[in-house]
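Computed over heavy atoms, backbone and side chain alike; hydrogens, waters and symmetry mates excluded.
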Amino acid sequence: MSATHGAPWPWLDETVDVVVVGAGATGGLVARELGRAGCKVVLLEAGPHWQVERDFVSDELHMRKTAWRAKRLTAGADPPELGHNIAGTGVGGGTIHFTAVTPRFFSSDFHIRTADGVGEDWPIAYDDLVPYYERLEKEIPVSGPKEYPWGGFKGSYPYPEREPIAVTHQLFREGCERLGIRSTVAPLAILSAPYEGRPPCINRGFCAQGCLPNSKFSTLIHHISQAVEARVELRPGCMVNSILVDDDERVEGVTFLYDGTEYRQRAAIVVLCASAIETPRLLLMSMDAGHPQGLANRSGMVGKCFMLHSGHEVIARFPVEVLPYKGTPIMATTQEFYETPKDGSRKRGFTLHSHGSRPLGFLRPVVKASGAWGANLREIARDYNFFARITMVGEVLPQVNNSVTLTGEIDASGLPVPLITFSYGDNDHKVIEAGVAMAKRILEAAGGRVEFVAPDTSHMLGGCRMGKDPATSVTDAWGRTHDHPNLFIADTSLFVTSGASNPTLTAMALAWRTVDHLIDQMRSSGS
Amino acid sequence: MNSMYPGYDVMAEQAHWDERTRRIVADRLVKPSEPRFFTSTEFTCIQVLIGALVGDADEGRLLRVAGQLDEHLAKRRGQGYHPTHLPDEEVLWRYGLGELERTAVAEYGRSFVALTPLERDNLLLQVQQGTVTWATVPAKDFFQHALLSAVDFFFSQPDIWSEIGFGGPAYPRGYYRLESGLKDPWEPVLNTEQMQKRRGAGLGPSSMPDDPVHGVAVGEAGE
């Protein structure tokens, strides 16, 4: 207990080396690396500290509790669905419910302005991330094919690819084969063989509800355990509500709310890993007289160029039982249509994944696509076992008007409710059109009849993009904010473009690169 | 039409589930206590509404589903986000049910729960299509929210899992025979006679009527 506060944290009255905000996919990794480097690290997490055996069950409805559930408002032509699909809470963040699909970004993702004349170039290149991709694939580890047909990485993955694949994925691969489209078993951070006491996957199917035998990598079971071993002080239930700045534009620490009371934690460095909504929201909430637009925001770019992936669902009926509940949800993929096609019909592209489903995961898109209800809906549900699904991950180009801003409303913690405004652009629609058309062709080639196409989105990205020019970006190429020399960002809000790969591996690689740089800087400055 | 998996009972496998999952699923079969969020009038209305939305007339089951929705709202377990033009989930339900009742009385001179199934479905179709004008909340949005909520709670009932042939929770046992044509011994067995009957009625796996694809009209003219 702290002598002055009566709070349960030994370092509360000290100035620690680093405060990390958010214990999700990147925050856990950043904290572990800093802890191992000998730094005194406090890791603040707004949500609870999940215990796998106590808190996870095999039920779709119950496990929605792992969603970020504080109030958020949405607007725009395509107001996104947030909640469980997209935003996690608690220690482990989104990795508790992610499908663990872990492809890399393509080399071209980092310079689409130069290559395709759209979006922006990143201030870094694919090669900058390769060492971190390699380390991550080895340590989390990724099970995947011996040869990977697309992008800069040709294989092989450290762990063998997952097998067998369930019927949904078999049908997907057969459809691709008949059309001459290359497909593979997806690279997955789900074990095909034992690793450090974790067993191989038992095909329970509830990856999005929290893995139970710990076959799926999550930050909770991997990086957090290691961070705590490295003496990182993890504080769940602590919602950071402001960043403190001194007269020299250096940050001094943060304030946070715990059980309704505000506390202060001083730190030499602050690293934000709070997500593409909460990181910009925190910077905006930290506004004061000297920073009326919020912190790190002289460019006005905090909260701007927020992106999602288009994630349309295409569902087809088959004449044979598919039994979509069995096995890992996503097990096969094609990235054949990832980049700009030669015919110039669109810029950039999409990934397609075969995607199994439990009952709610099937029926919600059916309802959104068809509006079916009553006897009609009940009959569709009775054919549940005969449907297979493809989900796309479509690139969405950055637009300044897609944004995270603050509203005048107050949430249950007394903090300003964020507004997420999102509309697809013309090219985004072209990508969706092409992705849906290709998903239909694949399902039909496999012998299915496409009956439902539902719009959806996934993956929060952007909002504090990195860049070379302080006038048009929030951080430099290392994630250091242009305005505050000891304030860093290391989460998906840094993304300059969305790519069309599931982003978790890239986000972690980027964060690891930032923390490596940070440690080098600290060592060279002798602190 | 009947299930293609008659006689299959997902709860027969509960001894193979972890205890916490077993308890959560088994609790869904328990009759609820008095509602805490809904008034008793609203609670009756909710049961009729959910029955209409998911095509069910089993009163005991609809009471359970309504009770679980009530608990969800009383404990504010929603996902927390919504478009700016809508109120919070709890307010949307309260206002929407009030509007539904007023519309029933205005159009038919009777309470929503006293409408015939045909009248009720006609009214709900107008709500879905937004052809009724409501002062407090948009009719279409209320309908969509009510429908998705009905889906969430109705299709989380283990007796409905049995009906649709969902294999159910699978920890710690897992699934092992995944390949095409294979099943683990505890999975639901397809009744081919029922499958033929469904086919005869234009339903089921082998029936592929030439109707259009539902959903977003991606790439069509006028989009």
Okay, side chain of [X], backbone of [Y]: is any donor-acceptor separation there less than 3.5 Å?
X	Y	answer
A/Arg382	B/Gly165	no
B/Arg198	A/Glu379	yes
B/Glu179	A/Ile165	no
B/Gln79	A/His84	yes
A/Asp383	B/Gly204	yes

[X] portion near chain B, given a 4.5 angstrom heavy-atom threshold:
X	answer
A/Glu53	both
A/Ala375	backbone
A/Pro324	neither

Of all of [options], which one pairs up most often with chain B through heavy atoms under 4.5 Å apart?
options	answer
A/Pro359, A/Ala166, A/Pro79	A/Pro359
A/Leu171, A/Leu323, A/Asn203, A/Leu419	A/Asn203
A/Arg54, A/Glu321, A/Gln170	A/Glu321
A/Pro213, A/Ala87, A/Gly327	A/Pro213
A/Leu61, A/Thr74, A/Asp55	A/Thr74

Is [Y] close to [X] at the side-chain level, that is, under 4.5 Å between some pair of heavy atoms?
X	Y	value
B/Phe143	A/Trp373	yes
B/Glu163	A/Tyr384	no
A/Val167	B/Leu178	no
B/Ile160	A/Arg378	yes
A/Leu377	B/Leu147	yes
B/Pro172	A/Leu212	no
B/Tyr81	A/Val417	no
B/His82	A/Leu82	no

Fill in: Ring centroid separation A/Phe206 to B/Tyr171 under 6.0 Å
no
Given heavy-atom pairs under 4.5 angstrom as the criterion, report whether the side chain, backbone, both or neither of [X] touches chain A.
X	answer
B/Leu53	both
B/Leu148	both
B/Asp56	both

How about [atom1] on [X], more than 12 heavy atoms from neighbouring residues, nucleotides or ligands closer than 6.0 Å, or not?
X	atom1	value
B/Glu59	CD	no
B/Tyr95	OH	no
B/Gln129	CD	yes

Response to the item:
Quick note, salt bridge (Lys or Arg N to Asp or Glu O under 4.0 Å) partners involving residues 404-413 of chain A, not counting sequence neighbours, are A/Lys71-A/Glu409, A/Arg281-A/Asp411
Item to complete: Would you sort out whether B/Arg173 and A/Arg204 count as a side-chain contact (heavy atoms from CB on, under 4.5 Å), showing the intermediate values?
Response: CA-CA 8 Å; B/Arg173 183 165 60 185; A/Arg204 162 179 167 258; over 6 Å; no
Discussion item. Would B/Phe155 and A/Glu60 count as a side-chain contact (heavy atoms from CB on, under 4.5 Å) here? Give the steps.
Written reply: CA-CA 10 Å; B/Phe155 289 102; A/Glu60 289 178 278; over 6 Å; no
Discussion item. Go through it in stages, so that I can follow the logic: the residues are A/Asn385 and B/Phe166, the test is side-chain contact (heavy atoms from CB on, under 4.5 Å), and I'd like the CA-CA distance, side-chain angles, deciding distance and then a yes or no.
Written reply: CA-CA 7 Å; A/Asn385 272 338; B/Phe166 170 46; 5.9 Å; no
Can you pull out the residues in [range] with any heavy atom less than 4.5 Å from chain A?
range	result
residues 61-78 of chain B	B/Arg61, B/Arg77, B/Gly78
residues 117-126 of chain B	B/Asp121, B/Leu124, B/Leu125
residues 7-23 of chain B	B/Asp18, B/Arg20, B/Thr21

Worksheet item: Would you call A/Lys326 and B/Asp184 a salt bridge, taking side-chain N to carboxylate O under 4.0 Å as the test?
Response: no
Worksheet item: How far does CZ of B/Phe153 sit from CG of A/Leu360, to the nearest 0.5 angstrom?
Response: 9.5 Å
Worksheet, complete the sentence: To the nearest 0.5 Å, atom CD1 of A/Ile380 lies from atom CD1 of B/Ile164 at 12.5 Å
Worksheet item: Among B/Val151, B/Asp152, B/Thr84, B/Val54, which has the most heavy-atom pairs under 4.5 Å with chain A?
Response: B/Asp152
Discussion item. If we define contacts as heavy-atom pairs under 4.5 Å, which of B/Arg177, B/Gln144, B/Glu187 has the most with chain A?
Written reply: B/Glu187
Practice prompt. Please name the pair of heavy atoms, one in A/Ser58 and one in B/Ala170, separated by the smallest distance, quoted to 0.1 Å.
Written response: OG-N, 4.2 Å
